[in-house]
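Below: the structure, in structure tokens.
Numbers restart at 1 for each chain; the letters A, B, ... are given by sequence-line order, proteins then strands.
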Amino acid sequence: MAAYQDVMCTKAAVNPDRLCDELIAVLGDCFVDLVIGGAEPGELHVILAADTPAELIELVSAVVSAHDAYAVDPAPPEPDTPQPQPVGDVLDIVFSLDAINIARLDADLRAALGQDFIGLSGGPGQQVRVHVRAGADAAVIADIAPLVAAHDPEQLTAAQQVAEEQAALVAALRAKPRDSWTDSDRDNALLWLFERLSSE
Amino acid sequence: MAWTSPKTWEAGELVTATLFNTHLRDNLNALKSPPSQQILRDNSGNYTTTSTSFVAIDSTNLKCTITTNGGDVLVWFVGSFSASVAGYDVGLDIRIDGTTRLGSDFTWGLAEDYELSTNARPITLGPVIVSGLDAGEHSFEIMWRTASGQTAQLRSDAGQVPAILVAREVS
């Protein structure tokens, strides 16, 4: 009489430790060993005690068949690592524009749409994305397309106008020899320096 | 090559080629080449945003997608940022699988520059560990925001520098 029973199965991929645990969970003390390998591709042998009941032997192939070699128990999260949190929804409305003054369009949309407007994003070769809160009223969303269509990239924001005037001022001062500066030129230079320093 | 939990060997156990291939060769191969993606993004110009909430910089081209074996993923990002006016702010964060933001407990995300220059300066986000992910496909996007009335810019141009995003499984 054989000391053990050998049940041959085939399985393309096996995690032996996991499969042993799964076999023990079903067969209990009747499970003796798992031997992987043989003449056939994916061949494995489940070694059982000689007195293993027939109804348990019949379960071996089902356990092997259900085995997932790549199943992984998720690692517990590290306590000091920040965990992801759900993000509030942002609705993106996409427009194609040939040219855009993003600061000006942002200012126009912010003034017209109020709190529902989050901002704009874009770049060369891309369409412009208008970001609004996902819960924004349909009436607010309907206002966006006409505002975008009316956008004139040549129109500057107040800040852009100031920056342009200051750039022109600096260019004029640079072009002028220092010993020919007037009192007005010196005042303008001081004012420009003050604006720069106070904005830092 | 997928990772397999290493077998606990028993004294006197028959060692087979299949076991060696599964637990040594395949696992060493998995450690040598873990799931990984690096993006050097050339957008042919600056990305810009005025958004006051976190939005994706580019959901198509600045997104790493890897299929993991389960566990932790290291993510990091480097980009050169500037502003149209000195002193503007930019915040950066990582969105996982298009739904969850890693730094959502923080107003400005995981990295911030609150004194952007009109000349581009590099900002590095991470490396940070995104922990406890299930086995399977996962995406990692870079998000950004600025303050109201401000415009932030990210360089991404072959004539200058790329925006760099990396994701690599590490456990």
Heavy-atom distance under 4.5 Å between the side chains of Leu105(A) and Ile100(A), does that happen here?
-> yes

Are more than 12 heavy atoms from other residues, nucleotides or ligands located less than 6.0 Å from atom CD of Gln37(B)?
-> yes

Salt-bridge present (Asp183(A), Arg186(A); N to O < 4.0 Å) | yes

If you count heavy-atom pairs under 4.5 Å with chain A, which of Ser156(B), Ala152(B), Ala56(B) comes out on top?
-> Ala56(B)

For chain A, which of Val55(B), Thr16(B), Thr146(B) has the most heavy-atom pairs under 4.5 Å?
-> Val55(B)

Bottom line for Ser53(B): the part with an atom under 4.5 Å from chain A's heavy atoms is both

Check: Tyr47(B) and Trp144(B) side chains under 4.5 Å, non-hydrogen atoms = yes

Taking every heavy-atom pair that is under 4.5 Å apart, which of Asp106(A), Leu120(A), Val35(A) has the most such pairs with chain B?
-> Leu120(A)

Which portion of Ala107(A) sits near chain B, non-hydrogen atoms under 4.5 angstrom | neither

Say whether, by atom type as modelled, one donor and one acceptor occur between the side chain of His151(A) and the main chain of Ile102(A) under 3.5 angstrom.
-> no

Under 4.5 Å from a heavy atom of chain B, the part of Val14(A) involved = backbone

State whether Lys63(B) and Glu141(B) are salt-bridged, where the test is any N-O pair (Lys NZ or Arg NE/NH1/NH2 against Asp/Glu carboxylate O) under 4.0 Å.
-> no

Under 4.5 Å to a heavy atom of chain A? For Thr151(B) that would be side chain

Among Pro16(A), Gly37(A), Ala13(A), which has the most heavy-atom pairs under 4.5 Å with chain B?
-> Pro16(A)

